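In this text, all values refer to a predicted model and were calculated from it rather than measured experimentally.
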Amino acid sequence: MLYTDIFFDFDDTLYDTRGNAQRSLEETFEEYKLHNHFSDPEVFYSEYWNVNQQLWKRYNNNEITKDFLVIERFKLPLLLGKNISI
C-alpha cells in the first residue's frame with residue numbers, strides 16, 4: 001500500500017512539545033549564560049511560559065502576527081524586571 005499523506009500530532013499526544021521546549025530553554029539558558037541576568041533559571045522559565053501563553057492567546061484572537069509572537073516570546077522574558085505589558 002502506498003501512503004499519500006502523513007499526519008503529525010504535535011499536541012503532546014505523540015510528541016512531548018512542552019518537554020522538548022523546556023529542554024531547549026535550559027540549553028539556551030546555559031549557552032547564553034543567562035545565569036548572569038537571572039538569579040534562578042526557574043525565574044526565566046516561568047517568565048517565558050507566562051509570556052508565551054499570553055502571546056498565543058493574542059495570536060489566536062488575531063491581535064498579533066506569528067512573526068511577532070516568535071520574537072517577543074523570547075525577547076519579553078529577557079526584559080524581566082521592566083514594566084512591560086503585552
Side-chain angles (χ1 to χ4, degrees):
M1 176 176 210
L2 195 57
Y3 294 100
T4 59
D5 298 300
I6 298 175
F7 295 95
F8 290 95
D9 179 10
F10 287 111
D11 68 355
D12 291 326
T13 303
L14 300 174
Y15 182 82
D16 184 8
T17 304
R18 187 173 175 100
N20 286 321
Q22 181 65 33
R23 281 187 287 288
S24 294
L25 287 174
E26 292 166 3
E27 290 174 13
T28 298
F29 192 89
E30 291 302 317
E31 178 71 24
Y32 291 96
K33 299 176 181 25
L34 296 180
H35 58 273
N36 292 328
H37 305 283
F38 293 88
S39 59
D40 183 341
E42 294 302 321
V43 172
F44 172 69
Y45 306 148
S46 176
E47 189 67 17
Y48 170 84
W49 289 114
N50 179 47
V51 165
N52 189 52
Q53 182 180 25
Q54 291 179 48
L55 289 172
W56 272 103
K57 284 181 187 175
R58 290 185 64 196
Y59 174 74
N60 289 330
N61 290 331
N62 294 315
E63 297 172 11
I64 60 173
T65 65
K66 185 128 181 215
D67 288 339
F68 182 87
L69 181 153
V70 168
I71 292 170
E72 296 299 311
R73 70 181 175 174
F74 291 103
K75 181 176 144 186
L76 291 173
L78 294 173
L79 297 173
L80 179 67
K82 298 187 181 198
N83 189 10
I84 300 169
S85 62
I86 58 172

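With sequence neighbours left out, the side-chain contact (heavy atoms from CB on, under 4.5 Å) criterion links T65 to D67, F68. Residues meeting the side-chain contact (heavy atoms from CB on, under 4.5 Å) test with E26, sequence neighbours left out: Q22, R23, Y45. Qualifying salt bridge (charged side-chain N to carboxylate O under 4.0 Å, His left out) partners for E63, counting only residues two or more places apart in sequence or in other chains: R58. With sequence neighbours left out, E30 forms a side-chain hydrogen bond (donor to acceptor under 3.5 Å, both in side chains) with no residue at all. For the side-chain contact (heavy atoms from CB on, under 4.5 Å) test, residues two or more places apart in sequence or in another chain that qualify with K75 are E72, L79.
For the residue pair L55 and L76, the shortest heavy atom distance occurs at CD1-CD1, 4.5 Å.
For N60 and W56, the side-chain atoms include no donor-acceptor pair closer than 3.5 Å.
Residue pairs meeting the salt bridge (charged side-chain N to carboxylate O under 4.0 Å, His left out) criterion with at least one partner in residues 33-47, sequence neighbours excluded, are absent.
Annotation: side chain of L78 is in contact with side chain of F38 (closest heavy-atom distance under 4.5 Å). Between Q53 and Y48, the closest side-chain pair of non-hydrogen atoms is not below 4.5 Å. Put simply, the side chain of R18 reaches to within 4.5 Å of the side chain of W49, judged on heavy atoms.
The number of heavy atoms from other shown groups lying within 6.0 Å of OH (Y32) does not exceed 12.
Between P77 and the options N52, L25, V51, a side-chain contact (heavy atoms from CB on, under 4.5 Å) holds for only V51.
In terms of hydrophobic clustering, with Ile, Leu, Val, Met, Phe, Trp and Tyr side chains grouped at heavy-atom distances under 4.5 Å, I71 and I64 are assigned to different clusters.
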